[in-house]
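Single-structure report; data block below.
Chain letters run A, B, ... following the sequence lines, proteins first and then strands; every chain starts at 1. Values reported hereafter were calculated over all heavy atoms of this structure, with side chains retained and with hydrogens, waters and symmetry mates removed.
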There are 2 protein chains.
Amino acid sequence: MYEGAVQDLIDELGRLPGVGPKSAQRIAFHLLSADPVDVRRLVDALTEVKARVRFCDICGNVTQEEQCRICRDPRRSLSQICVVEEPKDVVAIERTREFRGRYHVLGGAINPIAGVGPDDLRIKELLTRLANGEVTEVILATDPNVEGEATSTYLARMLVPMGLTVSRLASGLPVGGDLEYADEVTLGRAFEGRRRINA
Amino acid sequence: MYEGAVQDLIDELGRLPGVGPKSAQRIAFHLLSADPVDVRRLVDALTEVKARVRFCDICGNVTQEEQCRICRDPRRSLSQICVVEEPKDVVAIERTREFRGRYHVLGGAINPIAGVGPDDLRIKELLTRLANGEVTEVILATDPNVEGEATSTYLARMLVPMGLTVSRLASGLPVGGDLEYADEVTLGRAFEGRRRINA
């Protein structure tokens with residue numbers, strides 16, 4: 001509908017996840033009248049990310065070095081590995097400041113419908129890391145959905161017989177939430193995982 | 001939260017209109033694992049838009065030439081000008097195939113709260129276009145909201161005394177909509193603008 005370059009930009013923006021045709025148009029016109037310096041900064045950020053960002057040789061997290069910030073940090077315990085699906089899950093867990101071990105990023109979850117099997121995830125790399133016996137506990141922190149649960153179940157079946165302490169993040173009511181708004185499955189899990197209070 | 005380039009990209013994406021922190025993160029990780037050719041295409045589209053796109057000397061629409069596609073088209077009538085707020089409104093009206101005249105893009109609407117007055121819009125340029133007497137009808141197609149109505153009222157007061165036929169797009173029920181879901185103002189306008197049927 002638009003002339004050349006404007007339509008090209010709208011088309012490219014519309015290919016981004018979560019950006020529909022209307023948003024693409026809105027963003028394109030915003031950029032069209034934006035300060036060229038701001039657009040330059042966006043272009044540079046895009047170019048830099050593709051040129052400099054890679055995946056950590058050890059854990060699979062995003063990094064600009066051979067190894068990520070966490071794997072390079074000698075203060076992080078080598079005895080615990082927390083297994084997550086994506087780099088953004090590392091950031092989410094780091095925000096809690098609850099965990100001082102290392103991570104392992106699988107790069108997804110087992111999802112037969114999308115054609116993702118165990119061999120498409122960084123499971124072989126995880127087993128290599130566990131081989132030297134330094135790791136004693138593996139915390140499975142995949143998403144609490146069908147694919148995440150399947151992935152954790154698959155990993156637990158493999159890791160428990162190796163003599164490791166394997167745990168799964170607790171499911172239950174979100175803190176600050178209302179009990180009446182919790183779905184049945186979550187509420188069921190909260191019951192199942194109830195904790196005794198010793199008064 | 002992320003290392004260097006990833007965080008820079010998330011920050012830049014988060015500055016775009018309608019892109020929140022979660023969407024920015026999602027888009028950044030999508031681009032991170034996307035084919036470099038696709039990212040290159042987005043970068044090129046951004047660069048091209050800033051380098052090549054400008055505003056039409058005559059109507060203010062976006063173009064890559066001195067004059068836009070519509071102003072260059074000799075088949076478009078010179079006697080009708082349709083006044084709109086933004087280039088995207090030109091595209092919306094072109095889709096209807098109802099109008100064969102020319103456009104005039106104001107670049108916004110009068111909005112005292114946002115500090116946009118008549119002098120910030122391309123009204124002087126509109127008056128210049130009307131000076132040679134070729135234009136006989138002006139269709140005011142600003143948005144049907146407070147700012148758009150104010151802008152059309154302002155323009156009508158100026159243009160009607162000049163002897164021009166001035167019209168405003170009809171307000172009423174959207175085609176295909178349900179009467180019970182229409183808001184009172186729209187329904188009121190639909191009543192006010194009711195048309196007699198001659199059976």
N111(B) side chain vs A114(B) backbone, donor-acceptor pair below 3.5 Å: yes
Option in Y2(B), F29(B), F55(B) with maximal non-hydrogen atom pairs under 4.5 Å from chain A: Y2(B)
Selection from L42(B), D8(B), V90(B) maximising heavy-atom pairs under 4.5 Å formed with chain A: L42(B)
Salt-bridge contact R100(B)-E137(B) (side-chain N to carboxylate O under 4.0 Å): no
Residue part contacting chain A, namely of V62(B), when any heavy atom lies under 4.5 Å: both
Ionic contact status for E134(B) with R129(B), cut-off 4.0 Å: no
D38(B) portion near chain A, given a 4.5 angstrom heavy-atom threshold: backbone
Ionic contact status for R76(A) with E94(A), cut-off 4.0 Å: yes
Polar side-chain atom of R194(A) near backbone of F191(A) as donor-acceptor pair, under 3.5 Å: yes
N/O donor-acceptor pair under 3.5 Å between R69(B) side chain and T63(B) backbone: no
Expected output: side-chain E85(A) to main-chain D143(A) donor-acceptor under 3.5 Å: yes
Backbone N/O of I110(A) and side chain of T151(A): donor-acceptor pair under 3.5 Å: yes
Segment of V19(B) engaging chain A (4.5 angstrom heavy-atom cut-off): side chain
Contact class of R15(B) relative to chain A, heavy atoms under 4.5 angstrom: both
Residue among N61(B), V49(B), D11(B), L13(B) with most heavy-atom pairs under 4.5 Å to chain A: V49(B)
Region of V39(B) that comes under 4.5 Å of a non-hydrogen atom in chain A: side chain
Chain B interface, residue from I10(A), L31(A), V91(A) that has the most non-hydrogen pairs under 4.5 Å: V91(A)
Residue, of L32(B), V53(B), T47(B), that accumulates the most heavy atom pairs under 4.5 Å with chain A: L32(B)
Max heavy-atom pair count under 4.5 Å with chain A, selected residue of K88(B), R52(B), E48(B): K88(B)
